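See structure below.
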Amino acid sequence: MESLEKLERLPVAESLENIASNIESGNMESNVKALESDEYVSDTKENMSDIKELVEWYNPGLERTEIVTDLEMTEGIADYLETVEDFRYENWEKLTLEERTAVLNRVEQKIAEIEHRPAVEVIVKDMKPGSLGYHSNTEHKIALNLKYVGADDPKFHKVVFDTLVHEGRHAYQRYNVDAKCVHESASEVEQWKRNFYDPEWGYYTYRGQKVYTTLNDGKKHDVGFRLYANQPVEIDARNFASDVMSRLEKKGLVSSGTIV
């Protein structure tokens, strides 16, 4: 028997056109026969996969899942912020606190759209130094520290938007856990769910409490903040925001260096 490589085949483009025509006419049975027929077998498995994907895309009997990847989101957020004139520090420093709050809400609306989740309100409130902000799942809000939003300093400009992206990621995590999974990894969403709700591994809120344990040096150390920072949802939000900030640094839109 001659190998498949030696048999004459119709061009893949022609195969796709024929299948697309059948799709438009509603003749899905012809598509199945076309895929099973030697006449439409492509010369590589890769091309055969392309044809099958086209059929599945239009097949009303197959449910398509809404999935968004971290790469798409980080690139989308960074590319969007590049287009926001008021985000650029030379313009940001000229804005009043009210105008800055309006910009933050506008940015959150777009970030939510990119992340395929509902937007939340962004508020600015007085907090103690060192507190950057938080996301309230029950109030559907992101709160940011007035001290940083109102500061005229490139470093704090970066802190504010890093915090906005970080807290928006928590809104994204909650949406995946509580409403609809659009994240690329269902197992990671399950990990977030355990972190938020499991009685044994539930979310640890750090409010300056001291938690001491003996480390390798034989001495007791306060690990309260470490317990908070090393939770799965916090590591994920921190890494996601860091990826966005790195892209903005490369575009020259935020100051380089470590966040305070």
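Please read these numbers as outputs of a predicted model, since none were measured by experiment. Positions are given from 1 along the sequence.
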Original post:
Are Val189 and Ile235 connected in a single hydrophobic cluster, I mean Ile/Leu/Val/Met/Phe/Trp/Tyr linked by side-chain heavy atoms less than 4.5 Å apart?
Top reply: no
Subject >> Joint hydrophobic cluster, Trp201 plus Tyr204, side-chain heavy atoms closer than 4.5 Å >> reply: no
So, do [X] and [Y] sit near enough that their side-chain heavy atoms are less than 4.5 Å apart?
X: Lys180; Y: Tyr175; value: yes
X: Glu113; Y: Lys110; value: yes
X: Val84; Y: Trp92; value: no
X: Ile77; Y: Glu115; value: yes

Give a yes or no answer on whether the side chain of [X] reaches the backbone of [Y] with a donor-acceptor pair at less than 3.5 Å.
X: Glu234; Y: Gln231; answer: no
X: Asn195; Y: Val233; answer: yes
X: Asn145; Y: Gly133; answer: no
X: Ser242; Y: Arg238; answer: no
X: Tyr89; Y: Asp153; answer: yes
X: Asn105; Y: Thr101; answer: yes
X: Asp86; Y: Val103; answer: no

Please give me the minimum heavy-atom distance between [X] and [Y], naming the atom from each residue.
X: Asp198; Y: Glu200; answer: OD1-N, 2.7 Å
X: Leu81; Y: Phe87; answer: O-CD2, 3.4 Å
X: Tyr80; Y: Ile114; answer: CB-CD1, 4.3 Å
X: His170; Y: His135; answer: CB-ND1, 3.9 Å
X: Asn91; Y: Glu85; answer: ND2-O, 2.7 Å
X: Ala186; Y: Cys181; answer: CA-SG, 4.5 Å

Look up atom [atom1] in [X] and atom [atom2] in [Y], then write down how far apart they are to the nearest 0.5 Å.
X: Tyr172; Y: Trp192; atom1: OH; atom2: CH2; result: 5.5 Å
X: Arg247; Y: Leu253; atom1: CZ; atom2: CG; result: 13.0 Å
X: Leu104; Y: Thr163; atom1: CG; atom2: OG1; result: 10.0 Å
X: Leu164; Y: Arg169; atom1: CG; atom2: CZ; result: 14.0 Å
X: Ile111; Y: Arg117; atom1: CD1; atom2: CZ; result: 7.0 Å
X: Ser255; Y: Met245; atom1: OG; atom2: CE; result: 10.0 Å

Is the closest basic N to carboxylate O distance between [X] and [Y] below 4.0 Å?
X: Lys251; Y: Asp79; value: yes
X: Glu249; Y: Lys158; value: yes
X: Glu82; Y: Lys250; value: no

Subject >> Derivation of the side chain to side chain contact (heavy atoms under 4.5 Å, CB included) call for Phe161 and Leu248 >> reply: CA-CA 10 Å; Phe161 283 92; Leu248 293 174; 5.7 Å; no
**OP:** Applying side chain to side chain donor-acceptor pair (under 3.5 Å), name anything that partners Gln191, two or more places apart in sequence or on another chain.
**Re:**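 Scan of Gln191 (side chain to side chain donor-acceptor pair (under 3.5 Å), adjacent residues dropped) gives none.
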Original post:
Can you say whether the rings of Phe196 and Tyr203 are parallel (under 30°), tilted (30 to 60°) or perpendicular (over 60°)?
Top reply: tilted
N/O donor-acceptor pairs under 3.5 Å from side chains in residues 119-128, not counting sequence neighbours:
residue	atom	partner	partner atom	Å
Lys125	NZ	Tyr134	OH	3.1
Asp126	OD1	Lys147	NZ	2.7

